[in-house]
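Some notes on the structure that comes next.
Reckoned from all heavy atoms, side chains included, excluding hydrogens, waters and symmetry mates. Numbered from 1 within each chain, the chains take letters A, B, ... in sequence-line order. Just so we're clear, the structure is a prediction, and the values are computed from it rather than from any experiment.
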Amino acid sequence: MSILARALHIVFMILGNIWFFVRDYIAVPLRLANPQDHRSRADEILPNEVRQKWEREQDELQKKLILKDNKCIKEMFKCHKVKDCKDHGYYIAGVDISFVKDDLVNACAGLVVLRFPSLKLVYEDYKMVELTEPYIPGFLAFREAPFIVDLFDTLKQTKPKYYPHLVMVDGNGILHPKEFGSACHVGVLLDLPCIGVAKKLFQVGGLENNQEHKEKIKQLKKGGATFPLVVDSGRTLGMALRSHDGCTKPIYVSPGHLVTVETAVKLVHCCCLKRVPEPVRLADINSREYIRQNFKPTTDNQAT
DNA sequence: GCGACAG
DNA sequence: ATCTTGTCGC
């Protein structure tokens, strides 16, 4: 008996060592040579203790998470339902961070505020920042959220009247391995209603971008059509949404803070002039443009 | 014993 | 996340 157990143990150790050899000496250098894939590199450089610290921080913040519509959001949605195109003094913010090509630290954080429901731009702010944390799937907020909070501080100090009633974040809300994506993180830190909008499916809780999923996408016949994203636990963590008629690839909407799934989807759909809702889209393209205009690359900090 | 993984 | 041109369709 014990001999069999020892033999199995040795076999697993050998298999493990082969695996590590393959990973460290063959697979990783190959992936590093491929500029498409930054994830593998990021994965390698996250120390275990940091990961645990981040997980604890997520647990703490998650205690403050509220997944119901707050009063303001209900009002905002009511205004839209009457198909009244007059503005009602509501503001929606969009945030995004754009990166400098071949540069691991320099990036631009952007914040835009649009009037709702006319989607007219009333405030914008862009700031070059130096990233300190890597991108680790599941921990996006630790890389981006501090800069976003900083932009909101500036907004509050300079133009408080444009402080928004809702934030849209480029990334997921509760559609996340721990049901606490970057939209939740940002929403709780700001204590504002927040919605996560992702352009690709985060494959969690049994959700997969497989044939079955693609079939469901085909069934979205027109703009506004949705299907729920249900994970193994049976919980609906978000919706796939076809933004409008002329766009087949859906976006993935999930609540971040102080909104329900249903309201999140409807509000995002109200903001979709293109595939991606205007707040996120403007933050994205404008911060990219800001880099082009204002950032002069130096020989330092360039990736090999 | 690892696998997949938003930006 | 980032880099690419034209091309297809409305």
Can you give me the dot-bracket string for DNA chain B, 5' to 3', counting Watson-Crick and G-U wobble pairs with both distances under 3.5 Å, using [ ] for crossing pairs and | for partners on another strand?
.......
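- Summarising the geometry, the separation between CD on A:Glu289 and P on C:dA1 is reported as 17 Å, rounded to the nearest angstrom.
- Checking side-chain atoms of A:His257 against main-chain N and O of A:His185 turns up no donor-acceptor pair under 3.5 Å.
- The nearest whole Å value for the distance from the CG atom in A:Asp96 to the P atom in B:dG7 is 10 Å.
- Between A:Gln203 and the phosphate of B:dC5, there is a side-chain N or O to OP1/OP2 separation shorter than 4.0 Å.
- Atom CD1 in A:Ile285 sits about 17 Å away from atom P in B:dG7, given to the nearest Å.
- Look at CD on A:Glu208: it is 12 Å from C1' on B:dC5, rounded to the nearest Å.
- Between C:dA1 and A:Lys199, a contact under 4.0 Å exists linking OP1 or OP2 to a side-chain N or O.
- For A:Tyr135 and B:dA6, the shortest distance from a side-chain N or O to OP1 or OP2 is below 4.0 Å.
- Taken together, the pairs of DNA chain C form no segment extending over three or more consecutive Watson-Crick or G-U pairs closer than 3.5 Å at both contacts.
- Considering only residues two or more places apart in sequence or on other chains, A:Arg292 meets the salt bridge (Lys or Arg N to Asp or Glu O under 4.0 Å) condition with A:Glu289.
- Donor-acceptor pairing under 3.5 Å is lacking for the side chains of A:Gln211 and A:Glu215.
- Note on A:Phe142: nothing from the nucleic acid sits closer than 4.0 angstrom, heavy atoms only.
- Within 6.0 Å of the CD atom in A:Gln219, the count of heavy atoms belonging to other residues, nucleotides or ligands exceeds 12.
- At a threshold of 4.0 angstrom between heavy atoms, the contacts of A:Gly246 with the nucleic acid are absent.
- Nearest nucleotide to the side chain of A:Lys101, out of C:dT2, B:dG7, B:dA6: C:dT2.
- When the P atom of B:dC5 is taken as reference, atom CG of A:Leu229 falls 16 Å away, rounded to whole Å.
- For B:dA6, the base is stacked against the aromatic ring of A:Phe202, per a cut-off of 5.5 Å between centres and 30° between planes.
- Contact annotation for A:Asp170: backbone-only contact, meaning every heavy-atom pair under 4.0 Å involves sugar-phosphate atoms and none involves a base.
- Rounded to whole angstrom, the span from the OH atom of A:Tyr252 across to the C1' atom of B:dG7 amounts to 16 Å.
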Can you give me every donor-acceptor pair (side chain of residues 166-180 of chain A, partner residue at least two apart or in another chain, under 3.5 Å) with its distance?
unit_1   : atom_1 : unit_2   : atom_2 : d
A:Asp170 : OD1    : A:Lys199 : NZ     : 3.4
A:Asp170 : OD2    : A:Lys199 : NZ     : 3.1
A:His176 : ND1    : A:Lys178 : N      : 2.9
A:His176 : ND1    : A:Phe180 : N      : 3.2
A:His176 : NE2    : A:Gly138 : O      : 2.8
A:Lys178 : NZ     : A:Glu55  : O      : 3.4
A:Lys178 : NZ     : A:Asp59  : OD1    : 3.3
A:Glu179 : OE1    : A:Arg235 : NE     : 3.2
A:Glu179 : OE1    : A:Arg235 : NH2    : 2.7
A:Glu179 : OE2    : A:Arg235 : NE     : 3.1

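- Residue A:His244 contributes atom NE2, which lies 13 Å from atom C1' of C:dG9 at whole-angstrom precision.
- A distance-only check finds no donor-acceptor pair linking the side chain of A:His244 to the backbone of A:Gly224 [under 3.5 Å].
- Distance, A:Met239 CE to B:dA6 C1': 19 Å, rounded to whole Å.
- Scanning for ring-ring contact (aromatic ring centres under 6.0 Å, His included) contacts around A:Phe99 gives an empty result, with sequence neighbours left out.
- Between A:Arg288 and the phosphate of C:dT2, there is a side-chain N or O to OP1/OP2 separation shorter than 4.0 Å.
- A:Asp284 places no side-chain N or O within 3.5 Å of a backbone atom of A:Val280 that could act as its donor or acceptor partner.
- Remark: A:Tyr91 pairs with A:Tyr162 by the ring-ring contact (aromatic ring centres under 6.0 Å, His included) rule, at least two apart or across chains.
- For A:His213 and A:Phe227, the gap between ring centers is short of 6.0 Å.
- Between A:Ser182 and B:dG7 there is no side-chain N or O to OP1 or OP2 distance below 4.0 Å.
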